[in-house]
Amino acid sequence: MKINNFIYILLAAYFATFLRITINNNFFVSIIGSFLVGFFISRRLSDSTEKILLSGFFSCFTSFSGFINFLYTILNQGDWIKFIFFFNLIIIVNLFTMVFGFWISRKIT
């Protein structure tokens with residue numbers, strides 16, 4: 001991999017982190033990120049563009065640290081039912097959102 005690609009990945013990660021801090025809503029960020037990941041993985045991107053987007057931008061934008069912190073808080077409260085509900089809800093909603101983004105991308109091409 002060329003040094004330019006590392007710089008582009010770093011810049012994409014920086015921009016994604018800035019957006020994540022600006023939006024400040026873990027669930028909304030997760031939904032947007034899942035949709036866009038699905039949208040872009042359906043495209044035939046070059047290897048370097050795919051690495052820049054998926055490894056640089058989306059890995060920082062949709063990091064699950066907020067998701068894990070939310071679940072950890074619920075778990076510490078001892079509410080297992082709520083924990084299981086939100087865990088499954090977040091995973092299922094994000095998965096379907098990613099599939100929807102993939103489907104939309106295929107429909108418009």
Side-chain angles (χ1 to χ4, degrees):
M1 182 182 276
K2 297 179 183 177
I3 191 71
N4 287 347
N5 288 344
F6 286 116
I7 293 170
Y8 293 142
I9 289 171
L10 178 65
L11 290 173
Y14 176 75
F15 182 64
T17 303
F18 174 76
L19 283 177
R20 182 164 177 87
I21 291 169
T22 303
I23 294 174
N24 196 22
N25 183 328
N26 289 328
F27 189 70
F28 188 64
V29 165
S30 179
I31 296 297
I32 291 171
S34 294
F35 177 82
L36 291 175
V37 165
F39 187 86
F40 284 115
I41 64 171
S42 73
R43 303 283 180 176
R44 296 187 194 271
L45 302 174
S46 69
D47 188 47
S48 61
T49 303
E50 186 174 296
K51 285 179 183 171
I52 291 166
L53 283 175
L54 297 179
S55 298
F57 184 81
F58 290 116
S59 66
C60 287
F61 185 67
T62 62
S63 69
F64 280 102
S65 58
F67 166 63
I68 295 302
N69 184 40
F70 174 71
L71 291 177
Y72 180 73
T73 302
I74 293 172
L75 194 59
N76 272 341
Q77 295 169 353
D79 194 349
W80 282 93
I81 301 294
K82 189 175 179 181
F83 171 81
I84 292 169
F85 174 76
F86 277 112
F87 179 82
N88 288 309
L89 178 71
I90 291 169
I91 296 295
I92 290 168
V93 166
N94 280 293
L95 180 62
F96 281 116
T97 305
M98 189 185 92
V99 170
F100 182 67
F102 188 91
W103 180 76
I104 290 291
S105 178
R106 291 291 183 174
K107 288 294 181 185
I108 63 174
T109 55

- Can you say whether the rings of Phe83 and Trp80 are parallel (under 30°), tilted (30 to 60°) or perpendicular (over 60°)?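 Perpendicular.
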- Geometric class of the Phe100/Phe35 ring pair [parallel <30°, tilted 30-60°, perpendicular >60°]: tilted
- Task: Determine, stepwise, if the pair Leu36 / Thr62 fulfils side chain to side chain contact (heavy atoms under 4.5 Å, CB included).
- Result: CA-CA 10 Å; Leu36 291 175; Thr62 62; over 6 Å; no
Indicate if [X] and [Y] have the same hydrophobic cluster label, given that clusters are the connected sets of ILVMFWY residues with side-chain heavy-atom separations under 4.5 angstrom.
{"X": "Phe27", "Y": "Phe87", "value": "yes"}
{"X": "Ile104", "Y": "Ile32", "value": "yes"}
{"X": "Val37", "Y": "Trp103", "value": "yes"}
{"X": "Ile7", "Y": "Leu10", "value": "no"}
{"X": "Leu95", "Y": "Ile84", "value": "no"}

On a heavy-atom basis, which atom in [X] and which in [Y] lie closest, and how many Å separate them?
{"X": "Phe57", "Y": "Ala12", "answer": "CD1-O, 3.6 Å"}
{"X": "Val29", "Y": "Phe61", "answer": "CG1-O, 3.0 Å"}
{"X": "Ser30", "Y": "Asn94", "answer": "OG-OD1, 2.5 Å"}

Working to the nearest 0.5 Å, report the span between [atom1] of [X] and [atom2] of [Y].
{"X": "Ile52", "Y": "Asp47", "atom1": "CD1", "atom2": "CG", "value": "10.0 Å"}
{"X": "Phe85", "Y": "Ile90", "atom1": "CZ", "atom2": "CD1", "value": "9.5 Å"}
{"X": "Asn76", "Y": "Leu71", "atom1": "CG", "atom2": "CG", "value": "11.5 Å"}
{"X": "Leu53", "Y": "Ser46", "atom1": "CG", "atom2": "OG", "value": "9.0 Å"}
{"X": "Phe86", "Y": "Ile74", "atom1": "CZ", "atom2": "CD1", "value": "5.5 Å"}
{"X": "Arg43", "Y": "Ile108", "atom1": "CZ", "atom2": "CD1", "value": "4.5 Å"}

- Show the numbers, then the answer: is there a side chain to side chain contact (heavy atoms under 4.5 Å, CB included) between Thr17 and Tyr14? CA-CA 5 Å; Thr17 303; Tyr14 176 75; 5.8 Å; no
- In sequence, state the C-alpha distance, the side-chain angles, and the governing distance for Phe58 and Phe40, and then conclude on side chain to side chain contact (heavy atoms under 4.5 Å, CB included). CA-CA 11 Å; Phe58 290 116; Phe40 284 115; 3.8 Å; yes
Is atom [atom1] of [X] surrounded by more than 12 heavy atoms (other residues, nucleotides or ligands) closer than 6.0 Å?
{"X": "Phe102", "atom1": "CZ", "value": "yes"}
{"X": "Phe39", "atom1": "CZ", "value": "yes"}
{"X": "Ile81", "atom1": "CD1", "value": "no"}

- Message: Please tell me whether Ser105 and Ser42 have a donor and an acceptor in their side chains that are separated by less than 3.5 angstrom.
- Response: yes
- Query: How about Asn5 and Tyr8: do any of their side-chain heavy atoms sit closer than 4.5 Å?
  - Reply: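 They are in side-chain contact.
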- Task: Could you check if a side-chain atom of Ile41 sits within less than 4.5 angstrom of a side-chain atom of Glu50, using non-hydrogen atoms only?
- Result: no
- Stepwise, does the side chain to side chain contact (heavy atoms under 4.5 Å, CB included) test hold for Phe28 with Ile23? CA-CA 8 Å; Phe28 188 64; Ile23 294 174; 3.7 Å; yes
